[in-house]
Structures are given as C-alpha cells and as structure tokens.
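Below you'll find the structure, written out as structure tokens, and then a few comments.
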Amino acid sequence: MALNSFADVQAFFTKVMKDNQEDGGLPVSPHKDFWNKLTYTQFTEGNVPGVNPPLAILVVGNSAASNLILSLQGKGPLFDPNTGSIGQMPANGPPMFTDDQIKQIADWIDAGCPQ
C-alpha cells in the first residue's frame with residue numbers, strides 16, 4: 001500500500017500497531033501514539049515527543065537520516081543515556097515493524113512527505 005498523505009501514514013502506524021497487538025501506551029514509551037497527536041507540521045518539522053535531548057522526528061526527503069526510520073530499524077538515536085539502549089520502536093515490541101512496512105514509511109519521507 002502506498003502512503004500518499006500524512007493521514008495515510010497515521011492510519012498505517014495505527015493499523016500496524018493494532019495488528020501487532022501493541023497498545024502504543026506502555027510506560028516504557030515516552031511518547032505513546034504520537035503520530036495521532038501531532039499535526040502534519042509538528043510531525044514533519046518537530047521533535048520526538050518525550051525524548052530529551054530533542055531529536056527531530058524526520059528529515060523531509062531523506063529517510064536514511066530520519067530518526068523515525070532509524071528507530072524502527074533499531075539503529076536509531078540514543079533514547080536512554082542511562083542504559084545506552086537504542087530504543088527500537090515500538091518500545092513494547094516485538095513484534096517490530098517489518099522491512100516492507102518500514103520501506104513504505106521511508107518512501108513517503110523520500111517523496112517529500114506529501115500532505
């Protein structure tokens with residue numbers, strides 16, 4: 001399924017989480033289902049909620065440099081300086097997002113995050 005809009009991305013994240021029986025709200029996740037709580041501009045230009053120091057969610061047009069993609073792949077930025085853990089999303093997984101699911105999100109970012 002091609003993700004052609006932010007609404008598609010929101011629905012996609014929600015569906016994958018539901019299909020994986022993830023509630024997105026366990027205490028280990030500082031930002032819960034943030035994709036449903038942010039505007040398009042907050043999602044594409046803002047920082048990951050609840051993470052300190054601030055980290056940009058994504059880089060429009062560059063999925064390879066986007067913290068969202070890196071986190072889904074388990075290669076992401078340091079979320080917990082006390083333990084040194086990478087913080088693969090979803091925090092209450094497995095199951096994790098598949099390579100194909102991550103690619104769909106990456107393709108949307110690489111396409112310039114169409115609204």
Side-chain angles (χ1 to χ4, degrees):
M1 147 173 147
L3 303 177
N4 298 310
S5 69
F6 180 52
D8 288 351
V9 170
Q10 289 173 304
F12 182 73
F13 265 101
T14 299
K15 180 179 180 348
V16 171
M17 295 294 282
K18 183 178 178 187
D19 289 351
N20 289 351
Q21 299 179 343
E22 304 279 355
D23 69 6
L26 289 181
V28 295
S29 173
H31 42 265
K32 316 296 184 233
D33 62 339
F34 70 95
W35 60 91
N36 283 324
K37 297 174 183 160
L38 300 178
T39 66
Y40 169 81
T41 301
Q42 290 169 325
F43 189 82
T44 58
E45 297 177 14
N47 294 320
V48 180
V51 174
N52 195 15
L55 296 168
I57 295 170
L58 57 85
V59 178
V60 175
N62 187 350
S63 65
S66 294
N67 290 318
L68 178 64
I69 298 301
L70 294 170
S71 295
L72 291 172
Q73 294 172 332
K75 301 174 184 175
L78 184 66
F79 280 161
D80 186 348
N82 296 320
T83 64
S85 67
I86 291 176
Q88 184 171 4
M89 289 178 23
N92 48 328
M96 300 304 196
F97 280 63
T98 66
D99 290 343
D100 181 62
Q101 291 166 333
I102 296 169
K103 183 180 181 325
Q104 291 178 64
I105 299 162
D107 288 347
W108 176 77
I109 294 171
D110 290 337
C113 301
Q115 190 169 356

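Computed from a predicted structure; not experimentally measured.
By the salt bridge (charged side-chain N to carboxylate O under 4.0 Å, His left out) test, D107 pairs with K103, sequence neighbours left out. Remark: T14 engages W35, N36 in a side-chain hydrogen bond (donor to acceptor under 3.5 Å, both in side chains) (not counting sequence neighbours). T41 pairs by the side-chain hydrogen bond (donor to acceptor under 3.5 Å, both in side chains) definition with nothing, not counting sequence neighbours. For the side-chain hydrogen bond (donor to acceptor under 3.5 Å, both in side chains) test, no residue two or more places apart in sequence or in another chain qualifies with T44. Residues meeting the side-chain hydrogen bond (donor to acceptor under 3.5 Å, both in side chains) test with E45, sequence neighbours left out: none.
When all heavy atoms of F13 and L72 are compared, the closest pair comes out as CZ-CD1, 4.1 Å. Annotation for P54 and N47: closest pair CB-ND2, 3.4 Å, computed over non-hydrogen atoms. Nearest heavy atoms, I57 versus V48: CG1-N, 3.5 Å. Here the closest non-hydrogen pair linking K37 and Q42 is O-OE1, 4.2 Å. In this structure, C113 and V60 approach most closely via the heavy-atom pair SG-CG2, 4.0 Å.
Between the CG atom in L38 and the CZ atom in F6 there is a gap of 6.5 Å [rounded to 0.5 Å]. Atoms CG and CG, from L68 and L55 in turn, are 12.0 Å apart once rounded to the nearest 0.5 Å. Atom CZ in F43 sits 12.5 Å away from atom CD in Q115 (nearest 0.5 Å). Atom OG of S5 sits about 10.0 Å away from atom OH of Y40, to the nearest 0.5 Å. The CD atom of Q104 lies 10.5 Å from the CZ atom of F97; values are rounded to the nearest 0.5 Å. To the nearest 0.5 angstrom, L58 atom CG is 11.0 Å from S71 atom OG.
Among residue pairs with one or both ends in residues 48-74, none qualify as salt bridge (Lys or Arg N to Asp or Glu O under 4.0 Å); sequence neighbours excluded.
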- request: May I have the step-by-step check of side chain to side chain contact (heavy atoms under 4.5 Å, CB included) for I109 and V59, ending in yes or no?
  value: CA-CA 7 Å; I109 294 171; V59 178; 5.9 Å; no
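Within a 6.0 Å radius of CG in D99, other residues, nucleotides and ligands contribute 12 heavy atoms or fewer.
At a threshold of 4.5 Å between non-hydrogen side-chain atoms, the residues P114 and N4 do not count as touching.
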